[in-house]
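Scope of the values below: all heavy atoms of this structure, side chains included, with no hydrogens, waters or symmetry mates.
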Amino acid sequence: MMEQQSVPEQAAAGKSHGGLGGSFKVSIFELENFQGKKCDLSTECPNLTESLLEKVGSIQVESGPWVAFERCAFRGEQFVLEKGDYPRWDAWSSSHHSDSLLSLRPLHIVGRL
């Protein structure tokens, strides 16, 4: 059974390839422990709360890595998210002053020979 997605979510889940042909995919959930509204992304999102979600409660990185930011427009404290599950904000942040995550983008790593 496929999960129904709104038009902004469908656009956010568009195909994108970074670096040397690698793909990126992350699932963002409004609530902790992968509950609530879900949004799948494969490209950068400068403002997760503008039309997609009210807040970010948990994250599953299927392929990446990704860089998450505590503020919109890729500003503020940065968090590198590798493949795996992040069931609540303290799983991706060691910050004691902020529990928000408002933007994220794929981390493109270019290797040199």
Side chain to side chain contact (heavy atoms under 4.5 Å, CB included) assessment of L101 paired with W89: CA-CA 8 Å; L101 189 153; W89 72 271; over 6 Å; no
Measure the [atom1]-[atom2] distance between [X] and [Y] for me, rounded to the nearest 0.5 Å.
| X | Y | atom1 | atom2 | value |
| --- | --- | --- | --- | --- |
| I59 | E32 | CD1 | CD | 11.5 Å |
| E30 | T49 | CD | OG1 | 10.0 Å |
| E62 | S23 | CD | OG | 8.0 Å |
| I28 | C39 | CD1 | SG | 7.0 Å |

Stepwise side chain to side chain contact (heavy atoms under 4.5 Å, CB included) check, L102 with L48: CA-CA 5 Å; L102 298 177; L48 291 163; 5.7 Å; no
Residue pair V67, L104: steps toward the side chain to side chain contact (heavy atoms under 4.5 Å, CB included) verdict: CA-CA 6 Å; V67 180; L104 79 161; over 6 Å; no
Any idea which heavy atoms bring [X] and [Y] closest together, and the distance?
| X | Y | value |
| --- | --- | --- |
| K37 | S51 | NZ-O, 4.5 Å |
| F24 | H108 | CE1-CE1, 3.6 Å |
| S103 | P46 | CB-O, 3.2 Å |
| R71 | G76 | CD-CA, 4.2 Å |
| K55 | L31 | CE-CD2, 4.4 Å |

Any heavy-atom pair between the side chains of [Y] and [X] that's under 4.5 Å?
| X | Y | result |
| --- | --- | --- |
| L81 | Y86 | yes |
| E82 | W66 | no |
| V56 | S100 | no |

Q60: side-chain contact (heavy atoms from CB on, under 4.5 Å) partners, not counting sequence neighbours: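 For Q60, the residues satisfying side-chain contact (heavy atoms from CB on, under 4.5 Å) (neighbours in sequence not counted) are S27, F29, F34, D85.
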Set of residues satisfying side-chain contact (heavy atoms from CB on, under 4.5 Å) with respect to E44, sequence neighbours excluded: F74, R105, P106
Working for side chain to side chain contact (heavy atoms under 4.5 Å, CB included), residues K38 and D40: CA-CA 7 Å; K38 176 186 175 186; D40 293 322; 3.1 Å; yes
